[in-house]
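Everything on this sheet refers to the single structure shown next.
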Protein chains: 2
Amino acid sequence: MNKKQLIVKLSGALNLSKADAERTFDTITNTILDALKADDSVKIAGFGTYKVAKRKARVGRNPRTGEQIQIAASQKVKFLPAKALKEVFNR
Amino acid sequence: MNKKQLIVKLSGALNLSKADAERTFDTITNTILDALKADDSVKIAGFGTYKVAKRKARVGRNPRTGEQIQIAASQKVKFLPAKALKEVFNR
DNA sequence: AATTGGGTATGCAGATTTTGCATATAGAAA
DNA sequence: TTTCTATATGCAAAATCTGCATACCCAATT
C-alpha cells in the first residue's frame, strides 16, 4: 500500500475529502518529525515509539571495489513496536 | 512526548476537539495496522515504510543462567525511514 | 485529582541478525 | 516527467533478542 492508497482509505474512514485527508496525515507526520528533531521521542501507547538513534562511526566497505572506507557517525529514526503490536502478529 | 501530548498538538494544528483528534489518529494507526495484518507493507514517501519482518526460530540464551533455549519464529513490525528522513538528522 | 495496574527502560552474555558502505538500474509513485 | 525507492553485491561492526528484576512512567479508572 502506498501513500495515495492510504489517503483514499482515510478519506473514507474519516469522511474527509482526499485533500483534507492528506493534509491531516501530513500534519501528523510533521508533528512527529518536529518532536524527533527536537531530540524528543514520541511514544504512542498500543502502537510504538519513534526515537532518534545515534549510530557510531565505523569501518565499512565499498561493495563494488572492496576497499575499506570510514563511515561517519550518524543518526536515524527508529520505530520500536509496542508490546500489543507484537502480540497481534504472533499468535 | 506521549500520545496525550501528541493529541493536544494535533488538536491545535487540525482545529479539532481532542476527542476528534484522537479518533482521527487512531483511525490512521488502525488503517496502517490492518494493511500490515493483511501482509501488505505501507510505503509513505518522504517518511518511511512499515513492513512485517518474519524472523526464523533460533537458539538463544538466558543471560542469568547461561542455559541455551530455543526461540520460536516470530514476526515484528519494522519501520524503515525514508531517505529524506535520514537527511534531516544528518547534516 | 489520586490511585493502581500495566507497559517500558535498563543491564547482563553471547549467538544471530542487521546495518550500511557505492552505484546503476528498474520500477513505482508524485 | 521527474523524483523516490528497492535491489544486489561482500563484509566488519553494531544492533538485536532472549529472561528477569527493579524502577519508572503513563493511562485509565475510580
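Lettering follows sequence order; numbering is per chain, from 1.
Of the candidates Arg23(A), Glu22(A), Lys18(A), Asp20(A) forms a side-chain contact (heavy atoms from CB on, under 4.5 Å) with just one, namely Arg23(A).
Inter-axis angle, ends of the helix from dA1(C)-dT30(D) to dA30(C)-dT1(D), five pairs per end, rounded to 10 degrees: 150°.
No chain of hydrophobic side-chain contacts below 4.5 Å, direct or via other Ile, Leu, Val, Met, Phe, Trp or Tyr residues, connects Leu80(B) to Phe79(A).
Using a distance-only test at 3.5 Å, with no hydrogens or angles considered, no donor-acceptor pair links the side chain of Asp40(B) to the main chain of Ala35(B).
Here dC20(D) presents its P atom at 13 Å from CD1 of Ile71(B), a figure rounded to the nearest Å. Put simply, CE on Met1(A) is 12 Å from P on dA29(C), counting in whole angstrom units. Following rounding to the nearest Å, Tyr50(B) (OH) and dT5(D) (P) show an atom-to-atom distance of 14 Å. Look at NZ on Lys56(A): it is 15 Å from P on dG20(C), rounded to the nearest Å. Across the protein-nucleic acid pair, Lys18(A) atom NZ and dA30(C) atom C1' stand 14 Å apart, rounded to whole Å. Protein atom CD of Glu67(A) is 15 Å distant from nucleotide atom C1' of dT9(D), rounded to whole Å. Atom pair Gln70(A):CD and dA12(D):P shows a separation of 14 Å (rounding to whole Å applied). For the pair Lys76(B) NZ and dA15(D) C1', the interatomic distance rounds to 10 Å; values are reported in whole Å.
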Can you give each donor-acceptor pair under 3.5 Å made by side-chain atoms of residues 60-76 of chain A, sequence neighbours left out, with the distance rounded to 0.1 Å?
unit_1	atom_1	unit_2	atom_2	d
Arg61(A)	NH1	Gly66(A)	O	3.0
Asn62(A)	OD1	Arg64(A)	N	2.8
Thr65(A)	OG1	Glu67(A)	N	3.2

Output side-chain donor-acceptor pairs under 3.5 Å for residues 3-11 of chain B, partner residues at least two apart or in another chain, one line each.
unit_1	atom_1	unit_2	atom_2	d
Lys3(B)	NZ	Asp26(B)	OD1	2.9
Gln5(B)	OE1	Asn2(B)	N	2.8
Ser11(B)	OG	Leu16(B)	O	2.6

Polar atom pairs between nucleotides 6-14 of chain C and protein, under 3.5 Å, N or O only, would you list them?
unit_1	atom_1	unit_2	atom_2	d
dT8(C)	OP2	Lys83(A)	N	3.1

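The stretch residues 2-10 of chain B comes close to DNA chain D through Asn2(B), Lys3(B), each having a heavy atom under 4.0 Å from the strand.
Regarding contacts with the backbone of dT19(C), a side-chain N or O of Lys78(B) is found under 4.0 angstrom from either OP1 or OP2.
For the residue pair Phe47(A) and Leu85(A), the shortest heavy atom distance occurs at O-CD2, 3.2 Å. Between Leu36(A) and Tyr50(A), the closest heavy-atom pair is CD2-O, 3.6 Å. Closest non-hydrogen pair, Lys51(B) versus Ser41(B), comes out as CB-CB, 3.9 Å.
When the nearest nucleotides of DNA chain D are assigned to Ala72(B) and Arg55(A) by heavy-atom distance, the more 5′-ward of the two goes with Arg55(A). Across the interface with DNA chain C, nearest-nucleotide mapping of Gln68(B) and Lys54(B) shows Gln68(B) to be the residue nearer the 5′ end.
Between Ile44(A) and Val42(A) there is a side-chain heavy-atom pair separated by less than 4.5 Å. By the 4.5 Å heavy-atom criterion applied to side chains, Leu33(A) and Val88(B) are not counted as neighbours.
With sequence neighbours excluded, no residue forms a ring-ring contact (aromatic ring centres under 6.0 Å, His included) with Phe25(B).
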